[in-house]
Structure formats: C-alpha cells, structure tokens
Novice: 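This is the structure, below, for whatever I ask next.
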Amino acid sequence: MLSSSPRLTSRFANSLPAMCAPWSPVPFSDANLLLLNEPLSRELGIDPGWLRTENGLRFLLGEELPEDAFPVSQAYAGHQFGQFNPLLGDGRAALLGELEVTSGGSPETAAPRDIHLKGSGRTPYSRGGSDGRAAAGPMLREFLISEAMHAMGIPTTRSLAVILTGESVQRNVPEPGAVLVRVASSHLRVGSFQYARMMQQRSPELLQELADFALERHHATDSDTPLDDSDYLGLLREVCAKQARLVARWMHVGFVHGVMNTDNITISGETIDYGPCAFLDSFNPHTWFSSIDQQGRYAFGRQPAIMLWDLERLAESLLPVIEEQLDTDTEGAVAAATEVLQEFPSMYRNAFTRTMVPALGFTTAGSDSPSSEQRALCDEFVEWLNGAQPDQLSVLRSLATLAESTNLTVSASASGDEEASALPPAEWLHRWHELNPDAALMRHTNPVRIPRNHLVEEALQAASYGDFEAFEELLAAVTDPFDSTGSEESGVEKKNNRVHDEKFAHPAPEGFGPYTTFCGT
Ligand code: AMP
Ligand code: MG
C-alpha cells in the first residue's frame, strides 16, 4: 500500500497528443476532503491514510503530481440529443494519468485505471460562459449513485473522493464548489471516435491510432476478450456486446441514465456521466426524469434502441479502419459493420434474459442457455411488468419469499400487504413455482436497497445544510444492496452485517410527486 504519491503513466497523453490539451491546476488554497472512498483507495493500492494528509489532498487535486505526470483534458465530439457537436471535450475535467493496478498482487493482471477530475476548472474545451466548475450536490450525487451501481455489480466508473474547493460556484444560487475524483478503466467514448473520424482530413492517422489504443487498453491478450491487433470490426462487436450487457443490467434495476448522448457512452462498457440519472419507482417504459429531455428521447424503455443508435455512430466512425482491415471498399466496410449492428438486438435480448433468469431464481444447470419454459416465464413476467407497472424490485423481493414457501396459494394470499396485490397472475405464479426457483439466488441477484429518488433528494438536501447523517446512512445502505447472506460468489463485498432501515427498500411515498433531475452542471 503506497503512503506516498503513486506513479501515474501518461499513456493517453503520449499516444494521442492530437486528442488532448495540457492541463494545469489552479490551486485551491482552501480545499477540504469531504468524502473518501477508502475501499476503492485500497483496491487501487493507495493508503487512504495518506490520501487524508495535505500531500494526499494536493495529489487528488492534481496540484502535486509525480514529476513525469502529464495531466490533460481530452477532446471528443458527440451527438447531444441527436445533434452533432464536433467539439465537446473535457470542459471542466482533467485526466491526471493512469494508475497501474495489480489486482491480487500479480503484475500479469495489471490494468491501467484513469484518475480523472471533474469540476477542476476551465480548459481549452470549455464553452464560452461556462465556469469549468462543479457544485458539491451533483458531485455527491455521482459518488452515491456510481458506488451503488458498483455494489450491484453493474459496470461503472467509480468515485474515489469529493473535495470541497472552498470556493462558491454560481448556479441558480451560489453553491459550494467541489471536485470529484473519478476512476475508470478508460474515458474513451463513442464521441472520441467521432472526433478522430472528423479529424481525418487533418490527421489521417489519428483514427487508427485511437482504435489501436482502445484495442490495447481493453482487449490486450490478457483481457477477457482478446482481439487481434487491427481487428477493428472485432472492437465494434465487443463494444456492442458490452453495451448490450450494460443496458440489460440497467433495465433490471430500473436505472434511467437520462443523457445517452454519444459522448456519454464508453468503449469500456462502463456506465458514465451521472448527471440527470434516476431510478424507477414504477416499471413504466415511458418514464424519464431529465428537465432538458423535452421529448423523452432517453426514456427508460427506449434505452436499448438508443444504445443501438449510439453504436451506429461508433460504427460510422470506424468505417475507414474497417475498410483497411478487410481490404475492401466503403461499401464492403458498411456491409460488415451493418452485420455487426444487426446482432445488437439479439445480443441485448440474450443479455436481458441472462439477467432475468437468475433474477427469477432459475439456474441453468449444466446447459449454458435457459430452458424454453424459463425463457417464456421471463418474457411473460416482463410483459406483465410493462402492463401492471409495479415497483419491480419490490415484486422480486416478494417472489423470493414465495419461492421459499411450499404452499404457493396460501402464502400468496396470506401475505396481505400492498405488495401482494402487485404479484403476477396466479397462472404464471404456479408455472414459476413448479420450476423450484432458488430464493437465495434471487436475493443475491435482485438488489433491495437502491438510491431511490426521494431518499437521494432528502440526503442531498440535508447535506447542503451541512448535515451529512442521512447521506452517510444512504451511502451505507445502497453500497450494501442485497439482502442475501454468503454472497461471495456475486463478488459483492459484504459489509459488517449492518441492519438497514426498511425505508431504504421501498419506492417513494405517495406525496413525493413527479421527479425532475437536472444535468448537474
Ligand atoms: P455532460 O452533459 O456532462 O455530458 O457535458 C457536456 C459537455 O459540457 C462536456 O463537454 C462538459 O465538459 C461540458 N460542461 C458541463 N458542465 C460544464 C461547466 N460547468 N463548465 C465547463 N464545461 C462544462
Ligand atoms: Mg458527459
């Protein structure tokens, strides 16, 4: 465990200088560490005690980095609500460098992780009039929700720290300024590829350099899915597969990302950008929360289709290198990329079924794919959810209790609370129960404590008055989301058998009303 400044590499800055601009800090003389993710710090091999020192704080703010570090802001383009913007880029963010993380102490498993700041000041990519800053509320919100996602086992960028800058930022009212220290397996986005594609005239090599960098970063030989050098079509397919799995996980827990612009879609398959996101309290596909999404482009039920739209933009950007790889013409490259994109709907369907099968307590013993009856029950369940629009996690929790009882009819009617009325039809229940659903499997697949909108608001409201008790309690609850015991195999870190308040497991009370989120700028 390092008790001094960790070494950072500058792979991105060195490999792709045309895609970034040097960044230098504007020191915050009055900064204070507000929140530190100690488990993540340890996972990264950095002593959390050191991060709490003055030197640690200056490292986290990018003010005191190892001598050879080369912090940069990254350039990217992107479609925002369908409109192409050729130059977005980190308008208030910086990549300090990459940290070599050796999991289990083995150098073969070393993987670079980006150490990134958000809210760290203006950059060459800041638009006129924007301040390059962030307010503490939205940074705490990102910390809370991204760590909840991680605890549920959903791929995501992580949050290492929130630092109060000691300055105030002007939003509707003056608010305390903050910097979020974010950790990601990379910050390559669909928009990064759109940028490189757009620069083809001026920098003909850039697109290939970026694609090679992405292959090396995410698909080098020791990764789960090794790809050959220069397999750009393979890269497209892998990004499609990862994003299909990611959206499937979002749909299971009722996560509405809220701003699926192409600059917010990663190549790694990690969820990124927690601005306007929120969770469903009722399984209604037409739900969206973001104040700037006037047409509901990014509504819950549209997420798989929108992801495909975004991946089409990635495919378009990759065409020149696919053409080269296949030694074909544009038409040939379009045909090959189209074939990959056409696989996306089935990739998504399979990923969603694979998520819902254990969610309903079914194991697929021996054979890899679920039985046709398991599939049918999943499909019917989701169809029922779309119609009845209950809080699906409450239903799944009730079903786990039913799975344990031998007499389905008696327990279904005897449970008597309001959730019993939100159970699937009796005929479905009987067929489901016949397959002996595994309650323990259900409990470590279906989270119980997620960042419910009303709880997030309440906690952030109190935090804005300097009272962090509710925030800390909520953070503890949502980073321990499962009611299961012995969930080692799900990879979830078990907290110290904390007993959580039941309030964390339920949707908002009637009076909470419609919920609106803001982009958090
Ligand atoms: P987002 O909606 O967070 O994906 O951000 C879209 C773009 O706006 C990105 O290029 C951000 O860097 C930029 N941006 C957001 N907030 C600010 C801010 N306060 N100052 C400068 N740039 C910003
Ligand atoms: Mg963004």
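In listed order, ligands and their atoms are each counted from 1. This structure is a prediction, so every number in the text was calculated from the model and none was measured.
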Novice: Run the numbers for me: atoms of ligand 1, each under 4.0 Å from some heavy atom of Y76, listed by number.
Specialist: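 Once the distances to Y76 are compared, the set is 9 (C), 10 (O).
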Novice: Which of the numbered atoms in ligand 1 are under 4.0 angstrom from any heavy atom belonging to S130?
Specialist: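 So the atoms of ligand 1 that pass are 20 (N), 21 (C), 22 (N).
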Novice: Can G275 be said to touch ligand 1, with heavy atoms closer than 4.0 Å?
Specialist: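 So G275 does not count as touching ligand 1.
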Novice: For ligand 1, which atoms sit closer than 4.0 Å to a heavy atom of R133?
Specialist: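 Near R133, the atoms of ligand 1 are 19 (N).
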Novice: Find out whether V340 and L311 are in side-chain contact, i.e. whether some heavy atom of one side chain is under 4.5 Å from a heavy atom of the other.
Specialist: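 They are not in side-chain contact.
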Novice: Would you mind listing which atoms of ligand 1 come within a distance below 4.0 Å of any non-hydrogen atom of G132?
Specialist: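 The list of qualifying atoms is 18 (C), 19 (N), 20 (N), 21 (C).
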Novice: With a heavy-atom distance limit of 4.0 Å, tell me whether Y274 approaches ligand 1 through its side chain, its backbone, both, or neither.
Specialist: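 Under 4.0 Å from ligand 1, Y274 contributes no heavy atoms.
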Novice: Using only N, O or S atoms, tell me which atom of D273 is closest to the Mg ion (ligand 2).
Specialist: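 Closest N, O or S atom of D273 to the Mg ion (ligand 2): OD2.
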Novice: Regarding ligand 1, does D90 bring an N or O atom to under 3.5 Å of one of the ligand's N or O atoms?
Specialist: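 No, there is no polar N/O contact under 3.5 Å.
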Novice: Hey, does Q74 sit under 4.0 Å from ligand 1 if you only count heavy atoms?
Specialist: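 The answer is no, since Q74 has no heavy atom less than 4.0 Å from ligand 1.
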Novice: May I ask you to test the E98-L8 pair for a side-chain heavy-atom distance under 4.5 Å?
Specialist: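 When only atoms from C-beta onward are counted, L8 and E98 do not touch, as no gap falls below 4.5 Å.
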Novice: Would you say the ring centroid of Y76 lies under 6.0 angstrom from that of F193?
Specialist: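 Ring centroids of Y76 and F193 are no less than 6.0 Å from each other.
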Novice: For ligand 1, which atoms sit closer than 4.0 Å to a heavy atom of D263?
Specialist: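 Counting atoms of ligand 1 from 1, those under 4.0 Å from D263 are 4 (O).
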Novice: Just let me know how N261 lines up against ligand 1, side chain, backbone, both or neither, with a heavy-atom cut-off below 4.0 Å.
Specialist: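 Neither part.
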Novice: Y125 near ligand 1, heavy-atom distance under 4.0 Å?
Specialist: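 Outside the 4.0 Å threshold, so no.
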Novice: Would you indicate whether E339, at its atom CD, is surrounded by more than 12 heavy atoms from other residues, nucleotides or ligands within a distance under 6.0 Å?
Specialist: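 Open.
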Novice: For ligand 1, which atoms have a heavy atom of D273 less than 4.0 angstrom away?
Specialist: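 Reading through ligand 1 atom by atom, the close ones are 1 (P), 3 (O), 4 (O).
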Novice: Nearest heavy atom to atom 12 (O) of ligand 1 wins, so pick from A134, A77, G91.
Specialist: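 Closest candidate by heavy-atom distance is G91.
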Novice: Checking the side chain of D467 only, and the main-chain atoms of A462 only, is there a donor and an acceptor separated by less than 3.5 Å?
Specialist: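 The answer is no, because no donor-acceptor pair under 3.5 Å joins these two groups.
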Novice: Begin with the C-alpha distance, continue with both residues' side-chain angles, and end with the deciding distance and a verdict on salt bridge (charged side-chain N to carboxylate O under 4.0 Å, His left out) for R52 and E38.
Specialist: CA-CA 10 Å; R52 290 187 184 284; E38 297 209 354; 2.9 Å; yes
Novice: Within the structure provided, determine whether V253 and P447 are in side-chain contact (heavy-atom separation under 4.5 Å).
Specialist: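 Yes. Closest side-chain heavy atoms under 4.5 Å.
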Novice: Quick check: do L207 and Y232 have side-chain heavy atoms less than 4.5 Å from each other?
Specialist: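 Contact flag for L207/Y232 side chains = no.
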Novice: Please answer whether the main-chain N or O of A508 pairs with a side-chain N or O of D281 as donor and acceptor at a distance below 3.5 Å.
Specialist: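 Yes: the side chain of D281 pairs with the backbone of A508.
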Novice: Verify the neighbour count for atom CG of N14: are there more than 12 heavy atoms of other residues, nucleotides or ligands below 6.0 Å?
Specialist: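 Yes, CG of N14 has more than 12 neighbouring heavy atoms, counting only those of other groups under 6.0 Å.
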Novice: Can you name the atoms of ligand 1, numbered from 1 with element, that are less than 4.0 Å from a heavy atom of R171?
Specialist: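 Counting from 1, the qualifying ligand atoms are 19 (N).
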Novice: About how many Å separate CD of E142 and OH of Y274, when rounded to the nearest 0.5 Å?
Specialist: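 Here the interatomic distance stands at 7.5 Å.
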Novice: Does ligand 1 have any atom sitting under 4.0 Å from a heavy atom of G89?
Specialist: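 Judged by the 4.0 Å heavy-atom criterion, G89 does count as contacting ligand 1.
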Novice: Can you list the ligand 1 atoms lying under 4.0 Å from a non-hydrogen atom of N264?
Specialist: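 Those atoms are 4 (O).
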Novice: Closer than 4.0 angstrom, basic N to acidic O: yes or no for D131 and R122?
Specialist: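 Judged by the 4.0 Å cut-off on N to carboxylate O distance, D131 and R122 do not form a salt bridge.
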Novice: Is the Mg ion (ligand 2) less than 2.8 Å from at least one N/O/S atom of N264?
Specialist: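 An N, O or S atom of N264 is closer than 2.8 Å to the Mg ion (ligand 2), so yes.
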Novice: Taking only non-hydrogen atoms of V259, do any sit less than 4.0 angstrom from ligand 1?
Specialist: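 Flag not set, V259 not near ligand 1.
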Novice: Can you figure out which of K118, R122, R127 has its heavy atom closest to atom 13 (C) of ligand 1?
Specialist: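 It is R127 that holds the nearest heavy atom.
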